[in-house]
Amino acid sequence: GVEVGPQPQGVARADVLDKMRKIVKHGLDFVQLFNEGKEFPPCTIEVFKIMEKVDYPRNKNDEIIAIIHPKLQDQDWQPLNNGDPLFLTLDGKVIPYQGKCTVYPTFINEAAYYEKKQAFVKTEKIKLTAKHLRSSVS
């Protein structure tokens, strides 16, 4: 599956559709070249591995008491360091990120995840290495 976003629900955006078409085309090109026996050299890529889902701060009645801080909004895949602003309480207090390492939040303040109690997802950046690849079919 291919998910390209973010975009508001029920909205069709030309730029996002164009990105999705390009991704699908690259995938199909790879499959064709692989099936034709092309050898792909070893490579290393950076990816983001999900660490955990993070909820909004809540009171004892399970009501949200803070929102995403403006400096974090729209910063998906950007580094979040210890002490960076994370949430802003309804009375204006900043709740900073308190973590031992830099993380890369994504799905920040997505409307579809409010009911799932998810303010964002913490990810870590890792490198994956692949050996050369070639179809064994001649």
Side-chain angles (χ1 to χ4, degrees):
V2 176
E3 181 178 344
V4 182
Q7 68 180 24
Q9 297 167 335
V11 174
R13 290 182 44 161
D15 60 333
V16 174
L17 181 59
D18 185 55
K19 288 178 186 176
M20 184 271 307
R21 284 182 176 152
K22 287 178 181 174
I23 290 170
V24 170
K25 183 184 179 316
H26 286 304
L28 292 172
D29 288 346
F30 169 81
V31 169
Q32 181 176 348
L33 292 170
F34 179 80
N35 286 342
E36 291 172 355
K38 177 173 174 61
E39 184 169 347
F40 295 89
C43 66
T44 301
I45 61 170
E46 288 186 338
V47 298
F48 295 90
K49 180 180 176 185
I50 293 175
M51 298 169 68
E52 68 177 305
K53 296 174 182 176
V54 178
D55 192 8
Y56 294 89
R58 296 178 182 270
N59 65 18
K60 62 182 178 177
N61 295 324
D62 206 34
E63 300 165 325
I64 294 174
I65 59 169
I67 58 176
I68 295 293
H69 192 280
K71 289 186 177 179
L72 181 60
Q73 185 64 51
D74 302 319
Q75 297 301 307
D76 293 79
W77 312 112
Q78 299 304 308
L80 180 66
N81 300 296
N82 189 44
D84 286 349
L86 188 58
F87 294 106
L88 185 63
T89 66
L90 302 179
D91 61 358
K93 292 173 78 176
V94 174
I95 300 174
Y97 170 62
Q98 296 177 335
K100 297 177 183 171
C101 64
T102 298
V103 296
Y104 298 82
T106 189
F107 303 113
I108 300 169
N109 202 25
E110 291 284 336
Y113 297 118
Y114 272 69
E115 66 186 41
K116 297 178 186 202
K117 296 185 175 184
Q118 180 179 311
F120 63 92
V121 173
K122 266 197 305 191
T123 69
E124 63 180 328
K125 190 186 292 190
I126 62 172
K127 289 185 179 184
L128 296 179
T129 301
K131 297 178 181 178
H132 78 279
L133 180 65
R134 184 178 188 152
S135 173
S136 60
V137 178
S138 297

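Basis for what follows: all heavy atoms, side chains included, without hydrogens, waters or symmetry-related copies. In this text, all values refer to a predicted model and were calculated from it rather than measured experimentally.
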Rest of the hydrophobic cluster containing I45 (Ile/Leu/Val/Met/Phe/Trp/Tyr, side-chain heavy atoms under 4.5 Å)?
-> V47, I126, L128

For a quick test of reading the model, state the closest non-hydrogen atom pair linking [X] to [Y] and the distance between them.
X	Y	result
P79	D84	O-OD2, 4.3 Å
G99	N82	N-OD1, 3.1 Å
Y104	W77	CD2-O, 3.5 Å

Non-neighbouring partners of D29 that pass salt bridge (charged side-chain N to carboxylate O under 4.0 Å, His left out), sequence neighbours left out = K25

What residues, two or more places apart in sequence or in another chain, satisfy salt bridge (charged side-chain N to carboxylate O under 4.0 Å, His left out) together with D74?
->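 Applying salt bridge (charged side-chain N to carboxylate O under 4.0 Å, His left out) to D74 gives none.
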
Without swapping roles, check the side chain of N81 against the backbone of T102 for a donor-acceptor pair under 3.5 Å.
->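 Such a contact is absent between N81 side chain and T102 backbone.
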
Only counting residues at least two apart or in another chain, list the ones meeting side-chain contact (heavy atoms from CB on, under 4.5 Å) with [X].
X	value
P57	I65, A66, F87, I95
T129	T44
E36	Q32, L33

Common cluster, I108/I50, ILVMFWY with side-chain heavy-atom separation under 4.5 Å |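 No, it is not one cluster - the side chains of I108 and I50 are not joined through contacts under 4.5 Å.
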
If you group Ile, Leu, Val, Met, Phe, Trp and Tyr by side-chain heavy-atom gaps below 4.5 Å, do L88 and F120 land in one group?
->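 In one cluster with L88: F120, no.
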
For side chain to side chain donor-acceptor pair (under 3.5 Å), just list the numbers for N109 and Y56, CA-CA rounded to whole Å, side-chain angles, deciding distance to a tenth of an Å, and then say yes or no.
-> CA-CA 9 Å; N109 202 25; Y56 294 89; 2.7 Å; yes

Do D91 and K93 come close enough that some side-chain heavy atom pair is under 4.5 Å?
-> yes

Side-chain heavy-atom pair L80, L72 within 4.5 angstrom cut-off |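 In contact.
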
State which residues pass ring-ring contact (aromatic ring centres under 6.0 Å, His included) with Y97; sequence neighbours excluded, sorted by chain then number.
-> none

Is the number of heavy atoms from other residues, nucleotides or ligands under 6.0 Å of E39 CD greater than 12?
-> yes

Is the number of heavy atoms from other residues, nucleotides or ligands within 6.0 Å of CZ (R58) greater than 12?
-> yes

Hey, would you say the F30 and F40 ring centroids sit under 6.0 Å apart?
-> yes

Considering residues at least two apart in sequence or located in another chain, which fulfil the side chain to side chain donor-acceptor pair (under 3.5 Å) criterion with [X]?
X	value
K38	none
K116	none
N61	none
K117	D62

Residues 43-54 vs salt bridge (Lys or Arg N to Asp or Glu O under 4.0 Å), sequence neighbours excluded, gives E46-K125, E52-K122

Step by step, work out the side-chain contact (heavy atoms from CB on, under 4.5 Å) result for T106 and F48.
-> CA-CA 10 Å; T106 189; F48 295 90; over 6 Å; no

Please round to the nearest 0.5 Å and tell me the distance separating atom CZ of R134 and atom NE2 of H132.
-> 8.5 Å

